[in-house]
Number of protein chains: 2
Amino acid sequence: MKARSHHHEEQHLTERLGTTGLRLTPQRQQVYDVLVSKRDHPTAEEVFIRAKKAMPEISHATVYNCLDALVKSGLARQVQLERGATRFCPNMHEHGHFHCSDCGMIYDVDLPHELPCVAVPRGFRADGFDVTIHGLCAECAKQK
Amino acid sequence: MKARSHHHEEQHLTERLGTTGLRLTPQRQQVYDVLVSKRDHPTAEEVFIRAKKAMPEISHATVYNCLDALVKSGLARQVQLERGATRFCPNMHEHGHFHCSDCGMIYDVDLPHELPCVAVPRGFRADGFDVTIHGLCAECAKQK
DNA sequence: TTGCACTTTAGAATTATTCTAAATCTTGAC
DNA sequence: GTCAAGATTTAGAATAATTCTAAAGTGCAA
């Protein structure tokens, strides 16, 4: 069962990376595994630290390369929330992010199924969007 | 007329800054003027360069301080779009940002008046949101 | 008019990201 | 199979973005 789902994942990665002319490498697999196994929107640096545990020779630049590869082929999203490091998210379903301005934690939130159409200027071509909500998470809201 | 609106602006800045216990200083005024006079969502570095023209002794750290002060008191918004420098926007009306993934230009876009309610987890307190649309601007779309 | 809190300044320090050049791996043509 | 071409990884240097620090300046209130 485990092996089977693992095989499926591998196939999925190979397929998606293929659409951008990229290969599935052990490093890309590893970086993807890091993202999937703890969905706390880690920074590249955090991904590096976690990936290093399983693959001690992996380098900094490779982690950035891998993250870029995953983003380019639609396997992960970059999440830009505040000044400082960019974060990454392997959840490719349509969703928004809630950012607690106190503790900094990030939560995925569902977006309404029917989203209103945003009018973009004539000639512009939109192909995606990000929604971020700012506020306090339950923990931090309680403490105020 | 010019003087009058200038006076109004000053009053407005003093007032808004006051709500956060901050003062209106020549530097903060200058940084705000930079944001307002060319609404191209400049980075802190760009603000620094522009502010320096009118106020050659202004320092890097001060620009960051001033931008933070403006953001804290609701006179400007930080816009986080991609890896790299944070950008700033003095348009405090409800709006979204269109980011051209080709030329990198950023445009303000109107959001529909009636926005759907996003369900946040129990106990969470939301107090703002950002919407960013990715795609190609008219110029770049034409070239493809 | 003195003191205190707030600000600014220059420059150092830190953090985040990208670049570089050499080594390694993969793949397809032969 | 073997080799060249291209893709990928690596360590570490370089660059970019941001924050910190300590000293000096400013202005208001007692």
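Only a predicted model underlies this, so the values are computations on that prediction, with no experimental measurement involved. The sequence lines fix the lettering, A, B, ..., with proteins before strands; numbering per chain opens at 1. All values below come from the heavy atoms of this structure, side chains included, with hydrogens, waters and symmetry mates left out.
Look at CG on L13(A): it is 14 Å from P on dT8(D), rounded to the nearest Å. The nearest whole Å value for the distance from the CZ atom in R23(B) to the P atom in dA29(D) is 9 Å. Nucleotide dT8(C) holds its P atom 12 Å from the CD atom of Q30(B), rounded to whole Å. In this structure, D68(A) atom CG and dT17(C) atom P are separated by 10 Å, rounded to whole Å.
Within 4.0 Å (heavy atoms only), A85(A) reaches sugar-phosphate atoms of the nucleic acid but no base atom. Within the 4.0 angstrom heavy-atom criterion, no nucleotide atom of any strand lies near E45(A). Counting non-hydrogen atoms under 4.0 angstrom, T43(A) reaches nothing in the nucleic acid.
Contact annotation: Q27(A) side-chain N/O to dT10(D) OP1/OP2 distance is under 4.0 Å. Using a 4.0 Å cut-off, no side-chain N or O of S59(A) falls inside it from OP1 or OP2 of dG12(D). Phosphate proximity of dT8(C) to T25(B): present, with a side-chain N or O under 4.0 Å from OP1 or OP2. At the phosphate of dT19(D), neither OP1 nor OP2 sits under 4.0 Å from any side-chain N or O atom of Y64(B).
Nearest-nucleotide assignment on DNA chain D puts the 5′-proximal partner with A61(A), out of Q80(B) and A61(A).
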